[in-house]
A.B. asks: 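Sharing a structure, written as structure tokens. Questions coming.
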Number of protein chains: 2
Amino acid sequence: MEEKVMSIGTVCDLTGLTERQIRYYEEKKLIFPVRSKGGARKYSFEDVERVKEINGKLRDGFHTFELRKAGKACCE
Amino acid sequence: MEEKVMSIGTVCDLTGLTERQIRYYEEKKLIFPVRSKGGARKYSFEDVERVKEINGKLRDGFHTFELRKAGKACCE
DNA sequence: CGTGTAAGGAATTCTGACACG
DNA sequence: CGTGTAAGGAATTCTGACACG
């Protein structure tokens, strides 16, 4: 599914990461959650997979700016 | 997907119903969300469909206790 | 750079109840 | 019966910042 329906806490549960890490990946333009009326971030299952992948790459020594290219399109 | 990941507010957004209605359907044993540590209800996309179906049936004149049978197994 | 944390506020969700019909 | 609402509390999420390295 590609629907953005879960809050950051759920993503933490599914990935084992912290809110801080997930928000940071967004800050670095690696993931793009949508916002609910209240301003809360909403993620999709796709985002969850992406977050796991990002964290894995970082563990392998990559840097966030290098991962940006690995996304869908490129540059910008 | 069958994973319970969205909070009640998201279900409201997806179904157009109120929290009250959704909680009531649970009270009547028509849906079974799980609870997060904090006690918040978590629903799956399947639950969302079920909620829509329930509300539709109610509009058609059915009563909650009649819809219970329509679920998976029966009685209990 | 990637992540931890304390800080204060705003939005979310919870339960039990009274209401109408 | 199915749903609305006001009530008070507890848990969630948000942002900007200081910290380490």
A.B. asks: Generate the contact string for nucleotides 6-11 of chain C. Rules: B means base contact, S means sugar-phosphate contact only, - means no protein heavy atom under 4.0 Å.
C.D. replies: -----S

A.B. asks: Verify side chain to side chain contact (heavy atoms under 4.5 Å, CB included) between B:Lys4 and B:Ser44, making sure each step is shown before the conclusion.
C.D. replies: CA-CA 4 Å; B:Lys4 311 272 190 179; B:Ser44 65; 4.1 Å; yes

A.B. asks: Ignoring backbone atoms, test whether B:Arg23 places a side-chain nitrogen or oxygen under 4.0 Å from the OP1 or OP2 oxygen of C:dC14.
C.D. replies: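 Answer yes for this pair, as a side-chain N or O of B:Arg23 is under 4.0 Å from OP1 or OP2.
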
A.B. asks: CZ/A:Arg20 to CD1/A:Ile8 distance, rounded to the nearest 0.5 angstrom?
C.D. replies: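 Going from CZ on A:Arg20 over to CD1 on A:Ile8, the span is 10.5 Å.
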
A.B. asks: On the nucleotide C:dT12, are OP1 or OP2 found under 4.0 Å from the side-chain N or O atoms that A:Arg41 carries?
C.D. replies: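 Looking at the OP1 and OP2 atoms of C:dT12, neither is under 4.0 Å from any side-chain N or O of A:Arg41.
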
A.B. asks: When you look for runs of 3 or more Watson-Crick or G-U pairs in a row, both distances below 3.5 Å, which of them include DNA chain C?
C.D. replies: C:2-5 with D:17-20, C:17-20 with D:2-5

A.B. asks: Can B:Leu14 be reached from B:Phe32 by stepping across I, L, V, M, F, W or Y side chains whose heavy atoms are under 4.5 Å apart?
C.D. replies: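 No, separate clusters.
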
A.B. asks: If the cut-off is 4.0 Å, is A:Ser7 near the phosphate of D:dT13, judged by side-chain N/O to OP1 or OP2?
C.D. replies: yes

A.B. asks: Heavy atoms under 4.0 Å, any strand shown: does B:Arg59 hit a base, just sugar-phosphate, or nothing?
C.D. replies: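 Result for B:Arg59 = nothing.
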
A.B. asks: Look for any protein N or O under 3.5 Å of an N or O in nucleotides 2-5 of chain C and output each such pair with its distance, or none.
C.D. replies:
unit_1, atom_1, unit_2, atom_2, d
C:dG2, OP1, A:Thr64, N, 2.6
C:dG2, OP1, A:Thr64, OG1, 3.4
C:dG2, OP2, A:Tyr24, OH, 2.8
C:dG2, OP2, A:Thr64, OG1, 2.6
C:dT3, OP1, A:Gln21, NE2, 3.1
C:dT3, OP1, A:Tyr25, OH, 3.1
C:dT3, OP2, A:Tyr25, OH, 3.3
C:dT3, O4, A:Arg20, NH2, 2.9
C:dG4, OP2, A:Thr18, OG1, 2.8
C:dG4, N7, A:Arg20, NE, 3.2
C:dG4, O6, A:Arg20, NH2, 2.9
C:dT5, O4, A:Arg20, NE, 3.2

A.B. asks: Say you draw a straight line from CG of B:Leu17 to CG of B:Asn55; how long is it, rounded to the nearest 0.5 Å?
C.D. replies: 4.5 Å

A.B. asks: Between B:Arg23 and B:Glu26, is there a side-chain N and carboxylate O pair less than 4.0 Å apart?
C.D. replies: no

